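The structure under discussion appears below in the form of structure tokens.
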Protein chains: 2
Amino acid sequence: MKVNNKAFQSIWYETDTDKIWVIDQRKLPFSFETIELNTLEQCFWAIKEMVVRGAPLIGVTAAYGLYIAIKTNPNKTSKEFIVDSADYLKSSRPTAVNLEYVVDAISQKLVENIETSKLCDLALEFAIEREKQEIKNCSNIGHFGLSLIEDIYFKNGKQTVNILTHCNAGWLACVDWGTALSPIYKAQQKGIPVHVWVDETRPRNQGARLTAWELQSADIPYTVIADNTGGHLMQHSLVDMVIVGSDRTTLNGDVANKIGTYLKALAAFDNNIPFYVALPSSTIDFNMTDGIKNIPIEERHGDEVLQMECFVDGIVKNAHLMPESTTVANYGFDVTPARLVTALITERGICKANEKDILILFPEYQ
Amino acid sequence: MKVNNKAFQSIWYETDTDKIWVIDQRKLPFSFETIELNTLEQCFWAIKEMVVRGAPLIGVTAAYGLYIAIKTNPNKTSKEFIVDSADYLKSSRPTAVNLEYVVDAISQKLVENIETSKLCDLALEFAIEREKQEIKNCSNIGHFGLSLIEDIYFKNGKQTVNILTHCNAGWLACVDWGTALSPIYKAQQKGIPVHVWVDETRPRNQGARLTAWELQSADIPYTVIADNTGGHLMQHSLVDMVIVGSDRTTLNGDVANKIGTYLKALAAFDNNIPFYVALPSSTIDFNMTDGIKNIPIEERHGDEVLQMECFVDGIVKNAHLMPESTTVANYGFDVTPARLVTALITERGICKANEKDILILFPEYQ
């Protein structure tokens, strides 16, 4: 996607210099900064501290992390080193399952080729392949999701389609295109008028800071609302559909996504509004069949609730929203039960959120 | 309630000086400041700008506003002046119905006594009466609500009772005691261990700023959470009951309260957790029978979403949470349908949220 008329991805490999670059998403929307990732530890840090975030993007970052680990340690190309590096990267964040998948799949192939003189080239090839695949998957998700927006557009007599989304599942979260936002970008390209209700998404405000920035950059009409607002809008027919992303979806269709997603799904269900989850199959956990019981929910530092980088006196400063002595808790995700999900939008098409229908689209996991 | 070992109400009349004082709730929790209200316009401003907030408190403030209007305009004690002052005060905020009730009831009695030489004294008497009644009602709400907390305490084998609340319905909102928090203060007095999950309550953060401050001042254990979090806690049995306040409850039991309340009610219902609304009957709209269709929902300025008074570099400053160019909307309240409400806790006892049961407790409105 374009930023100030220049095409960007949220992560990219610069061939000339052999460098990995990412957008520092902690700094948006107040400043647009890019940084190099030069060591394995930096890749871990970037994922952990949410310099990069979003399930697809952290998977690709970890893939490049394995390449960087091998490149910067030419004398340590043992099986143990690969496995240790993989375990280290996987430990950065617990909820998104594709981080585990990507790192396991690539590290296994690297271990199989441990004697190869071209191990480093192979690691780079795998990472680039992962990056390209995510972009392709997200574009396909957009293609299929667009059909749902079109249906509503025609059903509603060609009125603007009002879509509510939670957190950021745009191109920033996914190398390019996005998951939840990809159908919205495709709708814009096709000339279908959309307006997006953007949940602020406390505590880290990825909606107000990243989704709003993405949509504003793309000239797509949007309105940021406090996370408390979606139910009221739905009661008053101001929302036509909900589209969110997912960090992990279990085989039975339970969806882990940013904390608060479950509340919006309840409101959509209560008001008979379709609730869609857009996700690449890399985020489906084919081994898990009860999301609420089994998906590990990350608890993050309370400072994310207490403090926020804000614009104060013309510069970005750390602002304390409440006194330091306030007792807080900070859960990163919740799980929306499959019964509240109208359908999943995947790179292979749209399916109901249940094991049977998921496996029809992805029979190789049967 | 006590602040630094000194007893306070959120509004009080100082007999010696004939002054009305309030706590400036915009400044909490960073500083505790009290201000005098000396003119009708100041009373309007204090309600409108949320120096004082909470349905019971704004009713009492408006009652004192009528007294101040008469006191400061000794030559204008016409019927028209009383009616105009009443209309002006009522126009300060639209959602809480008791503001209308209180102002109408008092202004009507004043109009009936317009020729009395003691009109000013009467206005003061009515305001003080209103203040005392609110305190008594809130204390009674606490008494009845306590029985619900006790039931859970004994049913759960004398474990700490975990209560979730949204916004601030404590003594700050209600002269003294509070509505939703009154049963919690009574439980503490009785030695029943409670822990309160406090919804931050964006955009104005009354939970994080006022409820947390109240509970911390009273040594009651609490944890502030982002508004997105309640559903997750309920799914994992970390909430035993929900108690919230109300700005207007219709005769059929629909509850207007701070935006986001509806989402928590949906989650409580989905997880079979009791959802109680604590309210004085002054906030019941006995003339309205469909809250979602008919209760006017206040839309406030977008700056409340964009900006916040924060502690920055050791002092309170205006912080911009997102760029000024961000498009935002700011709805103040939502309506929880009666079907999601387990029961209402009123000053006369507990009843189901329906017309029949409400009228059994309040037969004079039949």
Side-chain angles (χ1 to χ4, degrees), chain A residues 29-30 166 197 199-203 205 208-209 212-213 216 221-233 235-236 258-264 266-267 269-270 292 297 305-308 310-313 317-331 333-335 337, chain B residues 29-30 166 197 199-203 205 208-209 212-213 216 221-233 235-236 258-264 266-267 269-270 292 297 305-308 310-313 317-331 333-335 337:
Chain A
F30 297 119
H166 189 69
W197 293 108
D199 277 352
E200 177 181 44
T201 319
R202 281 282 290 150
N205 276 21
R209 295 177 165 230
W213 180 83
Q216 192 153 317
Y222 72 90
T223 307
V224 171
I225 46 173
D227 299 303
N228 286 318
T229 312
H232 172 73
L233 298 177
Q235 282 180 325
H236 292 273
K258 182 58 53 198
I259 189 94
T261 302
Y262 167 50
L263 296 170
K264 299 310 149 56
L266 284 166
F269 192 84
D270 199 47
I292 294 168
I297 298 297
V305 176
L306 293 168
Q307 302 170 24
M308 194 182 280
C310 292
F311 212 59
V312 184
D313 300 336
K317 287 189 173 184
N318 183 263
H320 290 236
L321 278 59
M322 46 199 104
E324 277 306 283
S325 62
T326 311
T327 312
V328 297
N330 182 12
Y331 297 86
F333 303 89
D334 64 18
V335 176
Chain B
F30 297 119
H166 189 69
W197 293 107
D199 276 352
E200 177 181 45
T201 320
R202 282 282 290 150
N205 276 21
R209 295 177 165 229
W213 181 83
Q216 192 153 316
Y222 73 90
T223 306
V224 171
I225 46 173
D227 299 302
N228 286 319
T229 313
H232 172 73
L233 297 177
Q235 282 179 325
H236 292 273
K258 182 59 53 201
I259 190 94
T261 302
Y262 166 51
L263 296 171
K264 299 310 149 57
L266 283 166
F269 191 83
D270 199 46
I292 295 168
I297 298 298
V305 176
L306 292 169
Q307 302 170 22
M308 193 182 282
C310 293
F311 212 59
V312 184
D313 300 337
K317 288 191 172 182
N318 182 263
H320 290 235
L321 278 59
M322 46 200 102
E324 277 306 283
S325 62
T326 310
T327 312
V328 297
N330 181 12
Y331 297 86
F333 303 90
D334 64 19
V335 176

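The structure presented is a predicted model; accordingly, all values stated were derived computationally and were not measured.
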### Query
Which atom names give the shortest non-hydrogen contact between Ala212(A) and Thr326(B), and what distance separates them?
CB-CG2, 4.3 Å
### Spacing of Thr229(B) atom OG1 and Arg202(A) atom CZ [to the nearest 0.5 Å]
9.5 Å
### Task
Indicate yes or no: at least one non-hydrogen side-chain atom of Lys317(A) is less than 4.5 angstrom from one of Lys317(B).
yes
### Message
Is Trp197(A) in contact with chain B via its backbone, its side chain, both, or neither, using a 4.5 Å heavy-atom distance?
### Response
side chain
#### Entry: Leu263(A) CG to Asp227(B) CG distance, which is reported to the nearest 0.5 Å
9.5 Å
### Task
Pick one of side chain, backbone, both or neither for Phe30(B), based on which atoms fall under 4.5 Å of a heavy atom in chain A.
side chain
### Task
Just jot down the side chain to side chain donor-acceptor pair (under 3.5 Å) partners of Asp199(A), sequence neighbours excluded, or say none.
His166(A), Lys264(A)
### Query
Looking at residues at least two apart in the chain, or sitting in another chain, which of them share a ring pair (Phe, Tyr, Trp, His ring centres under 6.0 Å) with Phe269(B)?
none
### Query
Hey, does the side chain of Gln235(A) reach the backbone of Ile292(B) with a donor-acceptor pair shorter than 3.5 angstrom?
no
### Summary
Value for CG (Leu306(B)) from CZ (Phe311(A)), rounded to nearest 0.5 Å, stands at 13.5 Å
### Task
State, with a plain yes or no, whether a side-chain heavy atom of Tyr331(B) is found less than 4.5 Å away from one of Asn228(A).
no
### Query
Hey, are the side chains of His232(A) and Ile259(B) touching, using non-hydrogen atoms and a 4.5 Å cut-off?
yes
### Task
Output the distance between atom CG (Asn205(B)) and atom CE (Met322(A)), rounded to the nearest 0.5 Å.
5.5 Å
### Task
Name the region of Thr261(A), side chain, backbone, both or neither, that has any atom closer than 4.5 Å to a heavy atom of chain B.
neither
